[in-house]
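The structure appears right after this line, and notes come after that.
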Amino acid sequence: MFTDIRNQLITELAEIAKAGTTKTESEITSAQGSHVTIEGKPFLNFCANNYLGLSNNPGIIAAVKISLDEHGYGLSSVRFICGTQDLHLKLEAKLTEFLHQEETILFPSCFDANGGIFEVLMKDQDAIISDELNHASIIDGIRLSKAQRFRYKNRDMADLEKQLIDSQSARRRLIVTDGVFSMDGYLAPLPAICDLAEKYNAMVMVDDSHAVGFMGATGAGTPEHFGVQDRIEIISGTLGKALGGASGGYISARKEIVDILRQKARPYLFSNSVPPAVVSGSLKALDLVKSGENLRETLRTNAKLFRHLMESEGFTLLPGEHPIVPVMFGSESDAVEYAKGLHSEGIHAVAFSYPVVPLGKARIRIQISAEHTEQDIMKCVAAFIKVRSCK
Ligand SMILES: *Cc1c(COP(=O)(O)O)cnc(C)c1O
């Protein structure tokens with residue numbers, strides 16, 4: 001009977017949800033920032049992608065308020081019908097200049113940018129060679145294309161070379177990688193990837209969502225950090241992390257690539273324009289990034305301080321320089337217990353366990369922001385120590 005099937009589904013879903021490891025959302029009643037209010041209580045926030053502390057930046061908010069008065073709230077249209085304002089073109093031009101590319105196309109999100117690009121560019125004669133730990137949106141985007149698929153072990157250049165050899169019959173090949181892998185804070189070895197791409201006549205695409213704004217001397221991300229900007233064919237990224245943290249994503253590449261995406265990329269054609277206020281906020285965020293040496297320096301100093309203090313206290317971290325700092329625990333239950341303990345010490349941080357990370361590699365992922373003060377960081381470290389002493 002119809003209702004039986006419906007109840008069966010509901011019962012099944014309830015069971016799956018109960019067994020799920022993803023934590024239910026905490027309700028934050030303040031603006032985003034290093035200090036937040038969760039269910040009425042103050043917390044230091046160590047799990048936002050708010051690397052430069054721009055999510056509640058007064059300059060951005062002022063720009064957004066003006067934009068609301070001048071450009072309104074919503075556009076009620078996709079870009080190509082009547083959803084393109086001067087602001088959108090300005091933001092695309094600014095991203096192009098910032099990333100040293102030829103042209104940029106804005107998407108409702110980076111998920112959409114990655115979801116739309118592969119189907120358009122890569123056909124069944126072509127091959128996409130993808131790092132196994134690439135973001136879900138890249139994986140989904142590749143699924144939507146008819147291209148042949150090859151996958152290499154995370155940052156493993158020997159395996160990438162093997163895939164390049166195995167895919168040699170393809171007409172054109174595109175290697176795609178996250179610039180930074182979000183669970184580990186590890187950087188993709190872009191120089192080595194570019195070397196292999198050149199050796200085997202392949203192109204390279206980098207999704208720089210966890211780097212744009214703060215990696216590299218001017219904040220242009222991992223290609224700048226590694227000095228390979230002119231060797232990367234395509235860059236995707238988000239406005240939803242360091243660049244103000246609201247929403248929107250983009251692809252920056254050669255003009256012909258962007259032109260064809262404007263005509264064929266489905267999330268661009270069939271999803272609403274980024275709202276004017278968000279575009280204005282992003283424009284202001286890019287201004288702040290442009291003059292953001294101090295913010296980037298503070299972020300680097302903060303991350304270094306946290307890493308140094310934690311390591312001298314004997315905690316196990318994944319090594320690196322990125323403001324994503326995974327604090328590793330042997331067991332899943334330890335990670336969860338620590339996250340709870342931190343919570344009662346007023347520190348908001350999240351435990352990740354299998355299947356989000358490999359079995360036995362449970363961790364608390366601390367994310368440092370330029371907005372954290374030295375005192376905030378000391379408090380976080382002190383909380384880890386206190387939780388350990390109570391165990
Ligand atoms: C966050 C992230 C995305 C998604 O960005 P949205 O703009 O939120 O859709 C895509 N790729 C990577 C690597 C990310 O870290």
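Heads up: numbering here begins at 1 and tracks the sequence. Each ligand, and each atom within it, is numbered from 1 in the order the structure gives.
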**OP:** Examine ligand 1 and decide if any of its atoms is less than 4.0 Å from a heavy atom belonging to Ser182.
**Re:**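 Checking ligand 1 against Ser182, which is what was asked, there is no heavy-atom contact under 4.0 Å.
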Which of the atoms of ligand 1 are close to [X], meaning less than 4.0 Å from one of its heavy atoms?
X: Asp178; result: 13 (C)
X: Ser137; result: 10 (C), 11 (N)
X: Ser209; result: 2 (C), 3 (C), 10 (C), 11 (N), 12 (C), 13 (C), 14 (C), 15 (O)
X: Gly248; result: 7 (O)

Taking the six-membered ring for Trp, are [X] and [Y] closer than 6.0 Å centroid to centroid?
X: Phe46; Y: His372; value: yes
X: Phe107; Y: Tyr250; value: no
X: His322; Y: Tyr51; value: yes

Subject >> Neighbour count above 12 (heavy atom, 6.0 Å) for Glu27 CD >> reply: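 12 or below, so no.
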Original post:
How about Arg151: does its CZ atom have over 12 heavy atoms from other parts shown lying under 6.0 Å from it?
Top reply: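 It does not: Arg151 CZ has 12 such atoms or fewer within range.
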Just to confirm my output: which protein heavy-atom neighbour is closest to [atom], and how far is it?
atom: atom 15 (O) of ligand 1; result: Lys241 NZ, 2.6 Å
atom: atom 12 (C) of ligand 1; result: Asp207 OD2, 3.2 Å
atom: atom 7 (O) of ligand 1; result: Thr238 OG1, 2.6 Å

Original post:
So, is Phe111 polar-close to ligand 1, with some N/O to N/O distance under 3.5 Å?
Top reply: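 Between Phe111 and ligand 1, an N or O pair is found under 3.5 Å apart.
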Original post:
Looking at ligand 1, does any of its N/O atoms fall within less than 3.5 Å of an N/O of Cys110?
Top reply: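 Among all N and O atoms of Cys110, at least one is under 3.5 Å from an N or O of ligand 1.
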Original post:
Within 45° of the six-membered ring axis of Phe118 and under 6.0 Å from that ring's centre, is NZ or CZ of Arg149 located there?
Top reply: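 No, Arg149 does not sit over the ring of Phe118.
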Subject >> Flag side-chain contact, heavy atom, 4.5 Å: Leu160 against Ile129 >> reply: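 In contact.
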